[in-house]
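Just the heavy atoms: all of them, side chains too, but no hydrogens, waters or symmetry mates, feed the values below. Just follow the structure's listing: the first ligand is 1, and inside any ligand the first atom is 1.
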Amino acid sequence: MLIKRRSSHHPTEQDVTPEAVYQDRRLILKGLGLGAATLAFPTQAGVLDLFSADKPTLGATTRPLNIHAATRPEGVIITPEEKATTHNNFYELGTDKGDPARNAHYLKPEPWQLRVEGEVAKPFTLDVWDLINKSTLEERIYRLRCVEAWSMVLPWSGISLAGLIRRAEPNSRAKFVAFETLYDPEQLPGQASRSLGGGIDYPYVEGLRIDEAMNPLSFLAMGLYGKTLPAQNGAPIRLVVPWKYGFKSIKSIVSIRLVEERPPTTWNLLASNEYGFYANVNPQVDHPRWSQASERFIGEGGIFGAKRQPTLMFNGYADEVASLYQGMDLRKWY
Ligand SMILES: Nc1nc2c(c(=O)[nH]1)N[C@H]1C(S)=C(S)[C@@H](COP(=O)(O)O)O[C@H]1N2
Ligand SMILES: [Mo]
């Protein structure tokens, strides 16, 4: 699959400093004389040996991926892996930022099946690990902007959402795409406990308009930092929609359904006055309880003392997506 690499896939000006904090794992592997093919089916012990210099990540069991690595522009700060895997929102694993990593062991992402269904000519079930093991995934470095006004820059690996949807051949009634997270309280204990799970009615559901889903930026991630996704980041497969607030990027999905009507979405159901269906990042439209004009970028320092930076319209992806919303009132449809 070929995607024209656009400069704004990459963070720019505001993220630039003299020092990159993320080492390209592929270069490390090359240095060790190991090709990607050797690493396609590593043993658990092999993974641990290979990365024994790494700081252990709480609750994470991951293994290297075969990826087509993105070019990393000089000096771009990518959020350190240790921060991206210990400061999470995944309410099914607890509502404190450290809970998902601590409770990650409950989720068993292997095996995993994802259904693509609904208003399509050819519904299918995808064996996610078969796809992971057989493909060279594409890496994309995207900004993530949480509605809570913190942000990260993350190296995802995966495939375009459009490519997967096309395989199912959507029919003319397919106007929206509905996504659903696994429902299994044994693996996602927050689903069985109002206090742990934040009072959400599970499963977590999300949705996009069909043209948003088919936009080349919309991505299905199966990896992070060149390795399979840790459970706390939505293993084994999650959505990434970088121009929208983070809650749209639904984790651990089991179903992608093409539908005719706009589907219900979790945070909109919980508080429709605070969270819209579109949820496009917009620094000019404040959340009812806080400003969205700026954000704390989580780099080396973590959230406290993190530098504040201005939030960009569509999170910096306006060139790619602004045309999707022509004629819409962006103040209303945040
Ligand atoms: N199923 C599910 N998906 C989810 C969430 C969640 O609680 N449950 N939280 C969302 C929010 S608010 C954000 S900011 C991102 C965080 O992704 P990360 O932890 O990988 O950075 O996941 C999103 N996807
Ligand atoms: Mo978020």
Write none if no such pair exists; otherwise list each N/O atom of ligand 1 with its protein N/O partner under 3.5 Å and the distance.
residue  : atom   : partner : partner atom : Å
ligand 1 : 1 (N)  : Glu92   : OE2          : 2.9
ligand 1 : 1 (N)  : Thr181  : OG1          : 3.0
ligand 1 : 3 (N)  : Lys251  : N            : 3.1
ligand 1 : 7 (O)  : Tyr91   : N            : 2.8
ligand 1 : 8 (N)  : Glu92   : OE1          : 2.8
ligand 1 : 9 (N)  : Asn89   : O            : 3.1
ligand 1 : 17 (O) : Arg238  : NH2          : 3.2
ligand 1 : 17 (O) : Lys251  : NZ           : 3.4
ligand 1 : 19 (O) : Asn88   : ND2          : 2.8
ligand 1 : 19 (O) : Lys251  : NZ           : 2.7
ligand 1 : 20 (O) : Asn233  : ND2          : 3.0
ligand 1 : 20 (O) : Arg238  : NH1          : 3.0
ligand 1 : 22 (O) : Arg238  : NH2          : 3.4
ligand 1 : 24 (N) : Ser249  : O            : 2.9

For this session: Determine, for Lys108 against Glu186, whether the closest basic-nitrogen to carboxylate-oxygen distance falls under 4.0 angstrom.
Result: no

For this session: Please confirm whether the backbone N or O of Leu269 pairs with a side-chain atom of Tyr275, one donor and one acceptor, at under 3.5 Å?
Result: no

For this session: Find out whether the Lys NZ or Arg CZ of Arg209 is both under 6.0 angstrom from the six-membered ring centre of Phe277 and within 45° of the ring's axis.
Result: no

For this session: Identify the residue among Leu182, Ile237, Val128, Thr181 that makes a side chain to side chain contact (heavy atoms under 4.5 Å, CB included) with Val254.
Result: Leu182

Exercise. Can you tell me if OH on Tyr325 sees more than 12 non-hydrogen neighbours from other groups inside 6.0 Å?
Worked result: yes

Exercise. Can you get from Val205 to Tyr91 by hopping between Ile, Leu, Val, Met, Phe, Trp and Tyr side chains that sit under 4.5 Å apart?
Worked result: no

